[in-house]
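One structure is given here, and the rest of the page talks about it.
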Amino acid sequence: MKYDICIIGHGNFPDGIKSAVNLIAGTCEKITCFNLNEQTTHEQFKKDINKYLDSHKNVIVFADMTGGAPYQIVAERILSQDDDNKYVIAGISLNLILDIYLKNMSGQLNTKNIDSSLKHVIKEARSLMQVISHKTIFEKV
């Protein structure tokens, strides 16, 4: 069972991430973006995301930052509706999205392994973070 992928965030961040996924993976099917920018009010964003969530059963939503308005709107909806098979992951990186997207497209994600798979991919994405300076490389942040 494949999940629909949704990227939400401030400005044009979602469209930029989708463009990067397409460049690296060669495809970005089943990715929908919702930008909260100068042309979109919070009310319109909420209406659009609720319509999307109503029409999709299995969804992984990637949010640009924890605590931001896009994240709050989606998290509130998912928690209030007790939506099974709908997840929101905040504070995302391109590594994280690519890993989950490619696993999803290859059929490696399903309702039985989704929780453990998401936890594993998030842990792996964190381990890839580095800070490099002219003096040292920090192995873990």
Side-chain angles (χ1 to χ4, degrees), residues 1-37 39-141:
M1 170 183 308
K2 291 185 181 175
Y3 285 78
D4 292 301
I5 304 291
C6 178
I7 304 172
I8 60 171
H10 297 86
N12 294 316
F13 179 83
D15 287 335
I17 290 291
K18 181 177 179 179
S19 173
V21 169
N22 189 52
L23 178 70
I24 295 168
T27 181
C28 57
E29 71 179 78
K30 290 194 173 260
I31 295 179
T32 302
C33 294
F34 293 96
N35 301 304
L36 181 57
N37 55 27
Q39 291 82 35
T40 309
T41 64
H42 285 137
E43 293 78 24
Q44 186 61 49
F45 181 89
K46 186 174 185 176
K47 181 180 174 183
D48 293 344
I49 200 71
N50 281 328
K51 183 178 177 183
Y52 175 83
L53 292 172
D54 286 341
S55 64
H56 294 82
K57 183 177 179 181
N58 302 308
V59 180
I60 301 171
V61 179
F62 294 102
D64 61 348
M65 59 187 283
T66 305
Y71 168 81
Q72 289 180 29
I73 290 167
V74 172
E76 178 184 21
R77 160 56 198 270
I78 289 174
L79 292 172
S80 70
Q81 298 291 315
D82 195 27
D83 284 336
D84 288 341
N85 297 316
K86 291 190 174 119
Y87 299 85
V88 60
I89 302 170
I92 56 165
S93 69
L94 184 55
N95 284 330
L96 175 71
I97 291 177
L98 273 171
D99 196 353
I100 292 172
Y101 176 74
L102 293 173
K103 281 180 172 48
N104 184 50
M105 295 309 292
S106 66
Q108 294 178 43
L109 295 182
N110 58 58
T111 56
K112 292 180 178 150
N113 73 4
I114 187 73
D115 292 339
S116 62
S117 293
L118 291 178
K119 287 177 187 176
H120 175 75
V121 170
I122 290 168
K123 183 179 177 182
E124 289 297 313
R126 285 184 184 150
S127 73
L128 295 174
M129 293 177 65
Q130 290 187 0
V131 176
I132 299 173
S133 74
H134 70 284
K135 295 179 183 178
T136 61
I137 297 176
F138 298 89
E139 290 186 16
K140 290 195 177 185
V141 177

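In this chain, numbering begins with 1 at the start of the sequence shown. Side chains included, hydrogens not; waters and symmetry mates left out as well; all remaining heavy atoms used.
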Looking at Asn35, is its backbone amide N or carbonyl O close enough to the side chain of Asn12 to form a donor-acceptor pair, meaning the two atoms are under 3.5 Å apart? no
Going by side-chain contact (heavy atoms from CB on, under 4.5 Å), name the residues that satisfy it together with Leu79, two or more places apart in sequence or in a different chain. none
Exercise: identify the closest heavy-atom pair between Ile78 and Lys86: CG2-O, 3.7 Å
Closest non-hydrogen atoms of Ala125 and Leu96, given as atom of the first, atom of the second and distance, are CB-CB, 3.9 Å
Heavy-atom pair with the smallest gap, counting every atom of Ala25 and Leu102: CB-CD2, 4.0 Å
Check against side-chain contact (heavy atoms from CB on, under 4.5 Å), His10 and Met65: CA-CA 9 Å; His10 297 86; Met65 59 187 283; 3.9 Å; yes
Quick one: which residue pairs count as a salt bridge (charged side-chain N to carboxylate O under 4.0 Å, His left out) with a foot in residues 4-31, not counting sequence neighbours? Asp4-Lys30
According to salt bridge (Lys or Arg N to Asp or Glu O under 4.0 Å), who are the partners of Lys103, at least two apart in sequence or on a separate chain? Asp99
Closest heavy-atom contact between Gly9 and Pro14? N-CG, 3.2 Å
Can Asn58 and Ile114 be said to form a side-chain contact (heavy atoms from CB on, under 4.5 Å), step by step? CA-CA 11 Å; Asn58 302 308; Ile114 187 73; over 6 Å; no
Partner set under side-chain hydrogen bond (donor to acceptor under 3.5 Å, both in side chains) for Ser116, not counting sequence neighbours: none
Do Lys47 and Ile73 pass the side-chain contact (heavy atoms from CB on, under 4.5 Å) test, and can you show the C-alpha distance, the side-chain angles, and the key distance before you say yes or no? CA-CA 10 Å; Lys47 181 180 174 183; Ile73 290 167; over 6 Å; no
Qualifying ring pair (Phe, Tyr, Trp, His ring centres under 6.0 Å) pairs, either residue in residues 49-89, two or more places apart: Phe34-Tyr52, Tyr52-His56
For Ile49 and Cys6, what are the C-alpha separation, side-chain angles and deciding distance, and is it a side-chain contact (heavy atoms from CB on, under 4.5 Å)? CA-CA 9 Å; Ile49 200 71; Cys6 178; 3.8 Å; yes
Partners of Asp48 by side-chain hydrogen bond (donor to acceptor under 3.5 Å, both in side chains), sequence neighbours excluded? Gln44
